Asks: 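Let me give you the structure first, and then I'll get to my questions.
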Amino acid sequence: MKNTVVTIRQAKEQGDKITMLTAYDYSMAKLIDEAGINMILVGDSLGMVMLGYEDTLSVTMEDMIHHTRAVARGAKNALVVADMPFMSYQTSVYDAVCNAGRLMKEGRAQAVKLEGGGEFAEHIKAITKASIPVVAHLGLTPQSLNAFGGFKVQGKTEQAARKLLEDARAVEQAGASAVVLECVPAKLAQLVTENLGIPTIGIGAGAGCDGQVLVYQDMLAMFGDFQPKFVKRFGEIGTLMKDAFRKYSEEVKAGSFPAAEHTFKIEDEIIEKLY
Ligand code: KIV
């Protein structure tokens with residue numbers, strides 16, 4: 001069944017947990033889609049895990065459109081959400097609508113995600129008015145890395161916790177279809193979840209959220225630069241891949257690959273004529 005912003009809201013109402021994973025290309029999107037995951041996020045995390053930047057700030061609209069198009073071709077049933085990159089919406093409401101439109105029209109996303117709360121309520125209103133579903137992202141918002149002074153858990157003081165709850169209400173009021181909560185204490189994420197009609201999707205926010213999201217390279221142990229506390233490794237695929245690459249290298253160097261079954265035949269007479 002095709003997942004939409006309507007079906008994920010129904011999932012919350014029925015108490016069914018929502019699953020989301022990142023993907024950045026066609027083959028991975030297809031695997032994730034075929035595994036029955038509800039939502040695929042083309043995250044601006046692609047700047048770090050695909051392009052090797054140290055943060056997400058350098059990701060462009062062109063990067064996002066390029067990867068979103070590939071993912072959209074591989075995702076039949078999963079709801080494809082594309083991240084709005086740094087400075088594609090912060091500059092003005094007009095820019096926010098135009099760039100969200102490009103992710104839908106050129107990238108073929110089915111929703112967009114932007115980082116921020118009440119301060120972006122007008123942006124969210126305008127984007128949803130253009131019939132583009134919005135997922136808001138609260139808590140640790142990686143595009144604000146320099147303002148936060150690092151990747152840190154958010155909402156730990158009374159003031160910060162209140163602000164997070166208010167932001168969650170503000171984005172729901174503005175028309176957001178879901179909220180990602182990143183690196184937020186579990187009890188606070190649960191309180192936010194209970195206070196909203198729209199689903200919360202947690203990453204480092206505990207089991208009380210309506211759904212969970214992970215970066216696929218993290219959960220498959222394919223990204224060794226660092227591992228956040230909230231990541232569980234569901235498979236040691238990085239090790240399996242490295243072993244396979246080494247085996248391939250050994251066989252090529254030893255001359256055992258390609259073997260006869262991997263090669264194409266031609267009549268000997270034809271070859272002889274060429275000598
Ligand atoms: O860019 C991304 O992958 C994200 C997730 C970490 C939620 O925003």
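One-based numbering, in listed order, for ligands and for the atoms of each. Keep in mind it's a predicted model, so treat the numbers as computed, not measured.
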Asks: Please table the atom pairs, donor to acceptor, closer than 3.5 Å between any side-chain atom in residues 240-265 and protein atoms at least two apart or in another chain.
Replies:
residue: S256; atom: OG; partner: E251; partner atom: O; Å: 3.4
residue: H262; atom: ND1; partner: A259; partner atom: N; Å: 3.1
residue: T263; atom: OG1; partner: A260; partner atom: O; Å: 2.7

Asks: Which donor-acceptor pairs under 3.5 Å do side chains of residues 64-80 form with protein atoms, sequence neighbours excluded?
Replies:
residue: H67; atom: ND1; partner: Y24; partner atom: O; Å: 2.8
residue: T68; atom: OG1; partner: M64; partner atom: O; Å: 2.5
residue: R69; atom: NH1; partner: E106; partner atom: O; Å: 2.6

Asks: Donor-acceptor pairs under 3.5 angstrom involving side-chain atoms of residues 179-204: please list them, not counting sequence neighbours.
Replies:
residue: E182; atom: OE1; partner: H137; partner atom: NE2; Å: 2.9
residue: Q190; atom: NE2; partner: E194; partner atom: OE2; Å: 3.2
residue: T193; atom: OG1; partner: A189; partner atom: O; Å: 2.7
residue: T193; atom: OG1; partner: T200; partner atom: OG1; Å: 2.7
residue: N195; atom: OD1; partner: R169; partner atom: NH2; Å: 2.8
residue: N195; atom: ND2; partner: L191; partner atom: O; Å: 2.9
residue: T200; atom: OG1; partner: D210; partner atom: N; Å: 3.1
residue: T200; atom: OG1; partner: D210; partner atom: OD2; Å: 3.4

Asks: Is there a donor-acceptor pair closer than 3.5 Å between any side-chain N or O of Q217 and the backbone N or O of M222?
Replies: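 Here the side-chain-to-backbone pair does not exist.
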
Asks: Examine distances only and state if a side-chain atom of D167 and a backbone atom of G118 form a donor-acceptor pair shorter than 3.5 Å.
Replies: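 Yes: the side chain of D167 pairs with the backbone of G118.
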
Asks: Can a cation-pi geometry be assigned to K273 and Y275, taking NZ or CZ under 6.0 Å from the six-membered ring centre and within 45° of the ring axis?
Replies: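 The answer is no, since K273 fails at least one limit relative to Y275.
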
Asks: Would you mind writing out a table of all protein N or O atoms found under 3.5 Å from any N or O atom of ligand 1, naming both atoms and giving the distance to 0.1 Å?
Replies:
residue: ligand 1; atom: 1 (O); partner: D44; partner atom: N; Å: 3.2
residue: ligand 1; atom: 1 (O); partner: D44; partner atom: OD1; Å: 3.1
residue: ligand 1; atom: 1 (O); partner: S45; partner atom: N; Å: 3.0
residue: ligand 1; atom: 1 (O); partner: S45; partner atom: OG; Å: 3.3
residue: ligand 1; atom: 1 (O); partner: D83; partner atom: OD2; Å: 3.1
residue: ligand 1; atom: 3 (O); partner: S45; partner atom: OG; Å: 2.5
residue: ligand 1; atom: 8 (O); partner: K113; partner atom: NZ; Å: 2.9

